[in-house]
Amino acid sequence: MKERYNPHEIEEKWQSRWTESKIFQPEPDSREKFFITIPYPYLNGNLHAGHTRTFTIGDVVARYKRMLGYNVLFPMGFHATGTPIVGLAEQIHKKDPETIRVYNKLHEIPLEVLDTIQTPEQIVEYFSIQAEAAMKIIGFSIDWRRRFTTTDPHYKKFITWQFNLLHSMNKVVKGSHPVRWCPNDENPVEDHDILRGEDATIIDYTLIKFKLSDDLLPCATLRPETVFGVTNLWVNPKIVHVRVKVNGESWIVSREAYEKLRFTDKKVELIAEVKGDELIGKKVTNPVTNSSVLILPASFVSPDNGSGIVMSVPAHAPYDHLALRDLKGADLTKYGINEDVSSIPLISLIKVPEYGKYPAVDAVKELKVKDQNDPKAEEATKLVYRREFHGGVLTETTGKYAGMAVSKIKDVLTRDLIEKGVADVFYEFSESPVVCRCGATCVIKMVENQWFLNYSEPSWKEQVYTCLKNMNIIPPEIRVDFENKVDWLKDKACARRKGLGTRLPWDTAWMIESLGDSTIYMSYYIIAKYLDKFTPEQLKEEFFNYCLMGKGTPESVSEKTGIGVDVIRRIRSDFEYWYPVDLRTSGKDLIPNHLLFFLFHHVAIFPEMYWPRAIAINGFVSLEGQKMSKSKGPILTLRSAVKEYGADVTRLYILSSAEHVQDADWRKADVESTSKQVERFYKLAYDIIKSEDTGEIKLIDKWMLSRLQYRIRETADALNRMQTRRAVQNAFYMLMNDMKWYERRGGRAACKQILNTWVRLMAPFTPHICEEIGEEMGIDMVSLARFPVADAALTDKGAELSEEIIANTLRDMEEIIRLIRIKPKRIVLYTSAEWKKQVLKKAIAMKKDNALDMKTLMNTLMGDPAMRTYGKDIPKFAQKIITDIQGMEPDLMDALLDVDFDEVSALNEAREFISGVVECNIEIYSADAPGYDPQNKSRFASPMRPAIYIE
RNA sequence: GCGGAGGUAGCCAAGUGGUCAAAGGCGGCAGCCUCAAGAGCUGCUCUCGCAGGAGUUCGAGGGUUCAAGUCCCUUCCUCCGCACCA
């Protein structure tokens with residue numbers, strides 16, 4: 001150990017020592033195992049501060065568990081399947097200036113190296129090497145024998161096996177799905193390809209088909225239940241409609257709607273134009289209620305929205321009510337309508353607490369909406385919809401649906417109506433236009449014959465719920481997130497045309513989508529160690545069936561694959577030992593996707609005993625308050641952070657900057673201060689090791705050892721809950737502060753003992769520096785040493801109380817001196833009179849019996865003849881004590897009750913120290929016998945709070 | 001719209017109904033050390049106070065309680081996810 005702290009030298013030394021001694025390459029043994037995994041990083045860039053955080057948290061847990069005596073497996077792989085790497089290769093190849101800039105400047109890749117990574121394969125190769133190197137220089141305790149990349153031929157065999165299995169279980173099915181589509185590029189549009197309208201989502205309307213002789217007039221609605229309250233349809237006389245053949249039916253819709261229909265999975269053929277006013281005045285049949293209703297003119301109907309034909313529900317839709325009212329007295333004879341349409345009776349179908357029978361009418365009155373062109377009409381609509389959605393219940397008008405909550409009806413009713421053949425689904429953007437990067441306006445296209453993982457299957461979800469119920473979710477608050485997302489998850493398209501990956505074995509035109517191939521790969525880590533023993537071709541389905549599922553026999557697998565029986569047996573027993581995953585720790589961005597699929601696939605494929613045990617989530621990292629971006633910057637790579645500050649400092653900082661799902665912020669000023677603290681720790685350790693042993697244990701040593709036990713307990717408790725910030729704060733910063741006080745108070749005797757514990761306490765966070773110090777202290781390998789356990793025998797409440805009195809008294813003295821601004825010539829301290837201590841103890845005892853009140857306390861006290869001497873002072877003091885005790889921690893109460901220490905001697909032990917600080921001699925008396933007390937200050941002395949006289 | 005997380009001092013942030021005027025850190029100020037700078041150490045950092053005290057604070061407004069940053073209601077604001085994209 002050198003006098004000067006040189007992080008890079010120490011870190012390199014210990015990293016190579018760890019590698020040489022293979023201590024992070026576990027094999028099954030008699031110990032209890034702990035299998036921790038972290039989602040492998042995607043290889044379209046260098047690892048950055050966000051990875052640093054997630055992986056460091058994982059490494060801390062791995063190291064902590066190892067020091068608790070677990071046999072820990074912490075493996076790592078790399079993710080490369082999907083489209084981004086292919087896209088990146090294209091960008092680099094065509095020397096896109098922005099891409100070159102970002103990868104050169106932010107990902108720190110030299111230009112000449114960029115020239116050599118122009119294909120997806122080269123990119124994967126390059127970044128995987130970089131990533132492994134980065135994880136090594138920061139000291140992660142990973143078993144690198146198990147490393148793999150998702151584009152490896154062996155891995156593809158594993159994915160092929162998995163998908164064949166899922167297919168045979170009917171978990172992969174064919175279907176259609178709406179996607180954002182660019183008609184110009186003839187491709188689905190991804191998020192980053194959108195120029196305008198990136199917030200638009202796809203909304204599914206229910207299309208209800210009203211009948212007009214041979215034609216159907218479809219009306220799009222988000223609230224299909226209102227079909228029971230339709231009084232008429234609305235058609236805008238000014239817009240052009242068209243008659244189209246849709247799957248053999250004759251529909252009349254707006255021209256715009258026709259354009260949208262062309263991209264759906266329906267067969268659409270344009271027949272003729274139909275003017276709006278030709279329709280008005282005709283009667284159509286409501287396909288649900290069979291009632292006959294009139295088509296009326298309305299200006300608010302837009303051709304862009306839905307089908308361009310709207311059903312009117314004046315009882316519940318303010319616009320409909322207003323439009324009808326606006327027609328009062330209008331001359332509609334040119335449409336052949338002679339009746340007064342404004343008197344069409346309203347049909348109520350929803351009961352809601354805020355309104356009467358006709359919510360739309362009430363809302364229009366409430367907001368004083370004038371007519372359908374009044375902007376307040378929109379407001380009224382939103383209000384009614386919101387209230388009906390949340391609090392509305394369907395009435396008898398809706399027949400068998402009566403009594404259902406409005407919020408639950410949509411899916412049920414839509415399904416029923418589609419089954420009856422009177423409705424369809426119509427997709428629409430939530431806002432428009434949505435514009436592609438190429439400039440074209442996007443549409444919604446039905447992708448047909450797509451392969452789906454049918455996550456929506458209720459029995460599958462049920463299993464996931466069961467799994468979740470038995471899992472430890474860290475932090476516990478996010479459990480509800482998982483439950484909600486499981487509920488929300490629909491079927492997921494799992495195949496696509498482009499990108500890297502594995503082909504769907506039974507339909508090789510498709511590539512397995514990259515989230516689908518990353519679900520149960522934790523089990524592959526067990527196999528990955530043996531890859532040099534066989535070729536990809538040998539990895540037949542029987543191999544996986546046996547090794548991962550226990551199906552078949554080693555002999556039959558061996559015969560089929562040519563792999564030795566011993567190896568096959570070995571892999572199976574490895575699997576049985578290591579599985580399930582004990583902890584998966586991840587960034588919060590993966591909750592609604594990867595982590596969910598991780599659970600779905602595990603419950604589908606493995607028996608319950610191999611389902612995951614725990615998931616821990618952490619937040620992102622920003623840079624000086626700015627969000628990081630892989631593709632635009634700013635970004636801080638793991639490598640550059642370690643280069644600048646060293647691995648231990650980087651780790652310690654990132655761990656201490658935020659807790660759990662909270663986002664961390666990387667601030668240069670703070671990192672530098674962490675760096676100084678670590679250096680200080682090193683120097684302190686160096687000095688302690690080089691110092692002579694000094695025998696006698698004094699009060700202050702007892703105090704320090706007692707604090708240390710407290711820090712150990714706090715650190716362990718924090719680590720058990722994966723609160724790395726709290727753990728680091730106790731194990732490092734608080735303990736450092738304790739040490740400062742200890743040193744200041746002249747403590748020395750316990751230094752070596754403390755340091756020995758301290759390096760083990762800190763080892764999960766800053767392993768290199770701890771190894772370096774540990775080596776000097778004769779600890780063989782700190783990474784394998786036992787994590788400290790708090791020793792109850794070293795907890796010394798008396799010492800802590802004494803030290804507290806000293807610190808409090810000193811603080812009081814300094815405050816007085818500061819206030820009166822004199823240089824003290826004489827300072828006298830008076831500790832509490834004995835009777836006050838007795839009062840305090842009595843009061844605490846009563847409090848513990850829950851019997852503390854002024855009257856009882858006074859009675860007890862006055863019953864004691866010895867006390868009565870102080871009769872007139874007692875009530876006031878007792879009152880004060882009662883208030884003090886109200887909020888007192890039980891621990892402190894116990895201490896005050898149990899411990900009988902002498903305040904005078906406690907202060908005397910620190911007399912020299914206190915004198916030194918205030919630069920004045922100190923005299924100490926008990927208030928029972930004040931030697932010198934000109935102002936009778938001693939009467940203010942109370943337990944734990946000596947009185948002070950300064951002149 | 002749906003679902004989730006938040007609003008605490010100049011900034012970041014901890015905070016279990018009572019040691020909360022509120023941990024820790026950053027920044028700032030002062031002192032010590034030094035030829036000096038840096039580092040380190042010590043103290044201060046809501047307001048007032050020449051005796052250890054008092055007053056006003058935790059987005060805003062109500063309420064429950066002997067006691068509220070913490071519990072309840074209302075309200076304002078911010079951030080995140082909503083899919084075929086890793």
Side-chain angles (χ1 to χ4, degrees), chain A residues 39 41-42 44 79-85 177-180 188-193 199 201-203 222 382 385-386 389 407 430 447 450 452-453 477-478 480-481 483-485 487-496 499 513-516 518 588-594 596 619-620 625 627 630 656-659 661-665 667-674 676-677 679-680 683 723 725-726 728-730 733-734 737 740 743-744 804 808-809 811-822 883-889 892 917 935 937 940 944-950:
Chain A
Y42 191 74
N44 65 341
H79 193 199
T81 38
T83 52
I85 288 175
H177 193 74
V179 296
R180 284 184 303 218
V189 184
E190 292 167 14
D191 271 347
H192 56 267
D193 286 333
D199 290 337
T201 52
I202 297 176
I203 296 179
L222 286 170
K382 282 194 175 145
Y385 276 29
R386 193 166 56 230
F389 184 82
S407 55
S430 62
V447 177
Q450 164 82 282
F452 288 87
L453 282 156
E477 308 91 80
I478 56 162
V480 60
D481 272 293
E483 285 167 352
N484 286 341
K485 300 294 182 197
D487 195 36
W488 153 92
L489 194 65
K490 296 183 186 147
D491 288 356
K492 163 125 176 60
C494 64
R496 49 183 302 145
E513 190 270 331
S514 69
L515 284 171
S518 317
K588 62 185 175 187
D589 50 326
L590 299 185
I591 297 174
N593 43 70
H594 163 71
L596 227 45
F620 305 133
K627 213 175 150 175
K630 242 183 188 178
S656 64
S657 58
E659 202 92 286
V661 288
Q662 209 169 51
D663 291 345
D665 192 26
R667 301 169 171 218
K668 214 170 157 53
D670 290 9
V671 187
E672 271 157 19
S673 132
T674 302
K676 281 172 196 158
Q677 292 274 36
E679 208 175 316
R680 187 192 149 78
K683 198 171 155 2
Q723 295 170 322
R725 182 198 177 107
R726 184 174 148 231
V728 164
Q729 210 144 73
N730 277 282
Y733 292 101
M734 303 280 195
N737 284 343
K740 277 185 196 168
E743 268 192 299
R744 207 179 149 200
E804 201 175 319
N808 286 345
T809 308
R811 197 179 326 113
D812 283 349
M813 285 160 66
E814 288 185 305
E815 188 176 350
I816 294 166
I817 292 166
R818 189 166 48 81
L819 279 173
I820 61 179
R821 290 187 199 130
I822 59 163
T883 328
D884 283 355
I885 288 178
Q886 282 313 328
M888 202 176 270
E889 281 173 11
L892 182 55
V917 175
Q935 290 185 9
K937 289 282 182 192
F940 295 121
M944 295 299 291
R945 199 86 200 266
I948 299 165
Y949 170 70
I950 298 178

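Atoms considered below: every heavy atom in the structure, side chains included; atoms not considered: hydrogens, waters and symmetry mates. So you know, we letter chains A, B, ... as the sequences are listed, proteins then strands, and number each from 1.
Side-chain atoms of A/Gln723 do not come within 3.5 Å of backbone N or O of A/Arg725 as any donor-acceptor pair. Checked by atom type and distance alone, the side chain of A/Lys588 pairs as donor or acceptor with a backbone atom of A/Val661 at under 3.5 Å. Looking only at distances, no side-chain donor or acceptor of A/Asp487 sits under 3.5 Å from a matching main-chain atom of A/Glu483.
If you take atom P in B/U65 and the same atom in B/C29, they sit 49 Å apart, rounded to whole Å. Separation of the P atoms belonging to B/U47 and B/C11 is 14 Å when rounded to the nearest angstrom. For B/U74 and B/G81, the C1' atoms lie 28 Å apart once the distance is rounded to whole Å. Taking the C1' atom of each, B/C44 and B/C80 are spaced 40 Å apart, rounded to whole Å. For the P atoms, the distance from B/G28 to B/A39 is 10 Å, rounded to whole Å. Taking the C1' atom of each, B/U70 and B/U57 are spaced 15 Å apart, rounded to whole Å. B/U8 and B/G15 have their C1' atoms separated by 9 Å, with the value rounded to a whole Å. Nucleotides B/G40 and B/C26 place their P atoms 9 Å apart, quoted to the nearest Å.
The residue A/Ile203 sits apart from the nucleic acid: no heavy atom pair falls under 4.0 Å. Among the atoms of the strands shown, none is found under 4.0 Å from any heavy atom of A/Pro41. At a threshold of 4.0 angstrom between heavy atoms, the contacts of A/Asp491 include nucleobase atoms, whether or not backbone atoms are also involved. Residue contacts shown for A/His79 are limited to sugar-phosphate atoms, with no base heavy atom under 4.0 Å away. Residue contacts shown for A/Asn44 are absent, as no nucleic acid heavy atom lies under 4.0 Å away. The residue A/Ala658 sits apart from the nucleic acid: no heavy atom pair falls under 4.0 Å. As judged by a 4.0 angstrom heavy-atom cut-off over every strand, A/Tyr385 is placed among residues making no nucleic acid contact. Using a 4.0 Å heavy-atom criterion, one finds that A/Thr674 contacts no nucleic acid atom at all.
Counting to the nearest Å, the C1' atom of B/G81 and the CD atom of A/Glu483 are 17 Å from each other. Between the CG atom of A/Leu222 and the P atom of B/C2 there is a distance of 12 Å, given to the nearest Å. Between the CG atom of A/Asp812 and the P atom of B/G52 there is a distance of 10 Å, given to the nearest Å. Rounded to whole Å, the distance from CG on A/Asp589 to P on B/A86 is 14 Å. B/C2 atom C1' lies 11 Å from atom CH2 of A/Trp488, rounded to whole Å. Atom pair A/Arg818:CZ and B/C29:P shows a separation of 19 Å (rounding to whole Å applied). Between the CD1 atom of A/Ile591 and the P atom of B/G4 there is a distance of 13 Å, rounded to whole Å. Atom NZ of A/Lys485 is separated from atom C1' of B/C2 by 9 Å (rounded to the nearest Å).
Residues A/Thr674 and A/Tyr733 meet the side-chain proximity criterion, which asks for heavy atoms closer than 4.5 Å. The side-chain heavy atoms of A/Phe940 and A/Ile948, taken from C-beta on, include no pair separated by under 4.5 Å. Residues A/Arg680 and A/Lys740 form a side-chain contact, since some pair of their non-hydrogen atoms from C-beta on lies under 4.5 Å apart. Under the 4.5 Å side-chain criterion, counting only non-hydrogen atoms from C-beta, A/Lys627 is not in contact with A/Asp663. At least one side-chain heavy atom of A/Leu515 sits less than 4.5 Å from a side-chain heavy atom of A/Lys492.
For A/Lys492, the listed nucleotide lying nearest its side chain is B/C84; candidates were B/G25, B/G52, B/C84. The side chain of A/Asp481 has B/G4 as its nearest neighbour among B/A86, B/G4, B/A83. Among the nucleotides B/G53, B/A23, B/G81, the one closest to any side-chain atom of A/Arg945 is B/G53. Checking B/C80, B/A83, B/A86 against every side-chain atom of A/Tyr42, the shortest atom distance belongs to B/A86. Between B/A83, B/A86, B/C84, one nucleotide has an atom nearer to the side chain of A/Ala493 than all others, and that is B/C84. Closest to the A/Leu819 side chain, of the nucleotides B/G52, B/C84, B/G49, is B/G49. Nearest nucleotide to the side chain of A/Glu815, out of B/G3, B/G49, B/A86: B/G49.
Taking 4.0 angstrom as the limit, A/Thr83 places a side-chain polar atom (N or O) nearer than this to OP1 or OP2 of B/A86. Close to B/G24, at under 4.0 Å from its OP1 or OP2, lies no side-chain N or O of A/Arg726. Note on A/Arg811: every side-chain N or O is 4.0 Å or more away from OP1 and OP2 of B/C44.
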Protein-nucleotides 38-42 of chain B N/O pairs closer than 3.5 Å?
| residue | atom | partner | partner atom | Å |
| --- | --- | --- | --- | --- |
| B/G40 | O3' | A/Arg680 | NH1 | 3.3 |
| B/C41 | OP1 | A/Arg680 | NH1 | 2.9 |
| B/C41 | OP1 | A/Lys740 | NZ | 3.3 |

Set out, line by line, the N/O atom pairs under 3.5 Å between protein and nucleotides 12-15 of chain B.
| residue | atom | partner | partner atom | Å |
| --- | --- | --- | --- | --- |
| B/C12 | O4' | A/Arg667 | NH2 | 2.8 |
| B/A13 | O2' | A/Arg725 | NH2 | 2.8 |
| B/A14 | OP1 | A/Gln662 | OE1 | 2.9 |
| B/A14 | OP1 | A/Gln662 | NE2 | 2.6 |
| B/A14 | OP2 | A/Gln662 | NE2 | 3.3 |

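Rounding to the nearest 0.5 angstrom, the gap separating the CD1 atom in A/Ile591 from the CG atom in A/Asn484 is 11.0 Å. The line from CZ of A/Arg496 to OG1 of A/Thr81 is 11.0 Å long, rounded to the nearest 0.5 Å.
A/His79 approaches A/Ser518 most closely through the heavy-atom pair NE2-OG, 3.3 Å.
Along RNA chain B, the nucleotide nearest A/Ala669 and the nucleotide nearest A/Lys630 are compared for position; the residue whose nucleotide lies closer to the 5' end is A/Ala669.
Looking at A/Glu679 and A/Lys683, no side-chain N of the basic residue comes within less than 4.0 Å of a carboxylate O on the acidic one, giving no salt bridge. The pair A/Asp812-A/Arg945 meets the salt-bridge criterion, since a charged nitrogen lies less than 4.0 angstrom from a carboxylate oxygen.
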